[in-house]
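Here is the naming used below: chain letters follow the sequence lines, and residue numbers restart at 1 for every chain. Keep in mind that what you see is a predicted model, and the values were worked out from it rather than measured.
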2 protein chains.
Amino acid sequence: MSSEHDCKSRVPTRNINVSCTDCSLNPICLPVAVNDNQLEELDNIIKRSKPLKKGEHLFRASDPFASIYAVRSGTIKTYSVTEDGEEQVTGFYLPGEVLGIDGISTNIHSNSAKALETAAVCEIPFEKLEVLSAQIPTLQRHFFQLMSREIQADQQLIMLLSKKSAEERIASLLLSISTRHTKRGLSASGFRLPMSRNDIGNFLGLAVETVSRVFTRLQKQGIIHVDGKEVEVLDMQGLCHMSNGSESSAKTA
Amino acid sequence: MSSEHDCKSRVPTRNINVSCTDCSLNPICLPVAVNDNQLEELDNIIKRSKPLKKGEHLFRASDPFASIYAVRSGTIKTYSVTEDGEEQVTGFYLPGEVLGIDGISTNIHSNSAKALETAAVCEIPFEKLEVLSAQIPTLQRHFFQLMSREIQADQQLIMLLSKKSAEERIASLLLSISTRHTKRGLSASGFRLPMSRNDIGNFLGLAVETVSRVFTRLQKQGIIHVDGKEVEVLDMQGLCHMSNGSESSAKTA
DNA sequence: CGACTACTTGAAATATTTCAAAGTGAGTGG
DNA sequence: CCACTCACTTTGAAATATTTCAAGTAGTCG
């Protein structure tokens, strides 16, 4: 299963207990906010205990909030459950991304977080981080930034949900994933979707069937090639066009 | 224009330069986070210079980010503009609520903020607030909470946009406004919508016409009484029901 | 008062959903 | 190793909610 995706697993995260110093994700993760001495302090408060198996929860909505988490490998989805019991996927978190910031206000998580595949995370106890933040201005600021970025991501999603068509939504998601891959030094054009069609649909506010149909449509238009979860972007520009409402359909003006 | 709405303007905010101590909003605004001595410090960094006329901007997307703002009176809407020039309303801010947190990550506002009616705001320079936050742990925490609450508000909107029908959306908005009124000690059942149907539709991801139709439908069902921007909730329970997808239509099971 | 913008209402058009069914793939156990 | 099951995905056809287009009404401001 993993042998045929060698090209994707370039990131050397074999060792569970690597310190931030040695972690290949440090240029995009919390460490960017601190200098070498401070990194050690940060390192000291981080717990690296939790490798999750597919389907396991990192935390659940209504759990007390104690830590935030940085994804080291794998993918985590967050979701909440509506009053009437429906699930709403609120985000997908890839390596280097931080989740769990929800719940700071209430001290209780408002989302659940579940591993979509085997995943390793770094746990950062929030109280300790708060103390450290007060001491390290750059860290405080970085933390503010993290939250602010979360807000911006949410607002982009809001825009997407309220203004974009099914095609535009899917295109946007693909681009988002592509971009985030690039940040880790991975291919922008070829990647594996870690989530199911169902999760995609749920996240984007579309029925599963619609997701499926859009994928086939995009493929017929020669913009992407899909094989199950494996995606190859053939026409990046076309995809960009499509993602921000390029009139009706693929007029390469 | 303002004479016939006397019942709504119970909040004594006549004086532009009241300090936080005297502001009737202090139990729901930033001051909740600090003790009396600290309040003075907080007070000192707050600028109360800006009374905005209807239609005026508090800040615009791409403005450098320097301050956050607490609404003192009136209503502010925030919005951003998509790549293709369309406006997306991202929030409505009522008295006691804080806006402008967007832009912390980039140091540039990602939204514009515009007064929907004459509005007074308190400006809180962010750098000074940062310094003060580092000194006053409760303030730092409160600030985290503010951001986190913003995230939660966004996530609720996401849920709404991706799962709810037009009726449910409108019902949710009405309830949200009602709740926020209550926090200020105002009537839960009778209020004036400060925004246009257009803004409502834009915010909720609906066409103006749909908004209009839903209002009339809700009125025919006896759940609300609408007269222009004036809304009276006649059946609060029914409205709640409706807001979280009570099956098809108003089955008071 | 006239011009404008905001709001309402109706009818037709449309994108997406829902329902239904069949295809695919992975994992299990004999 | 094959067969079987279960979950996921794809595809088609009908149903539906919302949008779009169009027109009329009402309230507002100069």
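In this structure, B/Arg197 places its CZ atom 10 Å from P of C/dT9, rounding to the nearest Å. A straight line from CG of B/Leu193 to C1' of C/dC7 spans 13 Å, rounded to a whole angstrom. Distance CG (A/Leu204) to P (C/dT16): 12 Å, rounded to an integer number of Å. In this structure, B/Gln219 atom CD and C/dC7 atom P are separated by 15 Å, rounded to whole Å. Atom C1' of nucleotide D/dT20 and atom CG of B/Leu206 are separated by 14 Å, given to the nearest angstrom. Atom pair A/Asp227:CG and D/dT9:P shows a separation of 13 Å (rounding to whole Å applied). To the nearest angstrom, P of C/dG25 lies 19 Å from CG of A/Asn198. What separates CE of B/Met195 from P of C/dC7 is a distance of 11 Å, to the nearest Å.
For residues 154-162 of chain A, proximity to DNA chain C is found at no residue, defined as any non-hydrogen atom under 4.0 angstrom from a strand atom.
Side-chain atoms of B/Leu239 and B/Leu174, non-hydrogen and from C-beta on, do get closer than 4.5 Å to each other. Side-chain contact check for B/Phe92 versus B/Lys77: some heavy-atom pair is nearer than 4.5 Å.
Among the heavy atoms of the strands lying under 4.0 Å from A/Gly205 are primed sugar atoms or P, OP1, OP2 only; no base atom is included.
In the interface, the side chain of B/Arg213 is paired with the base of D/dT20 through a donor and an acceptor atom under 3.5 Å apart.
Proximity note for B/Ser212 (side chain, C-beta onward) versus D/dT10, C/dT18, C/dT9: the nearest is C/dT9.
Within the structure, every side-chain polar atom (N or O) of B/Ser165 is placed at least 4.0 Å from both OP1 and OP2 of D/dA17. A close approach under 4.0 Å does not occur between any side-chain nitrogen or oxygen of B/Lys229 and OP1 or OP2 of D/dG27. The phosphate of C/dT9 (OP1 or OP2) has a side-chain N or O of B/Thr216 nearer than 4.0 angstrom.
With salt bridges taken as basic N to acidic carboxylate O contacts below 4.0 Å, one links B/Arg217 and B/Glu167.
When only modelled atom types and interatomic distance are considered, B/Gln88 and A/Ser162 share a side-chain donor-acceptor pair under 3.5 Å. Side-chain atoms of B/Ser172 and B/Lys164 include a donor-acceptor pair closer than 3.5 Å.
Checking B/Lys220 against B/Ser196, the closest nucleotide of DNA chain C that is more toward the 5' end is the one next to B/Ser196. When each of A/Lys164 and A/Glu209 is assigned the nucleotide of DNA chain C bearing its nearest heavy atom, the one mapping closer to the 5' terminus is A/Lys164.
Without hydrogens or angle criteria, B/Arg169 side chain to B/Leu161 main chain gives a donor-acceptor distance under 3.5 Å. Not one N or O on the side chain of A/Ser178 forms a donor-acceptor pair closer than 3.5 Å with the backbone of A/Ser189.
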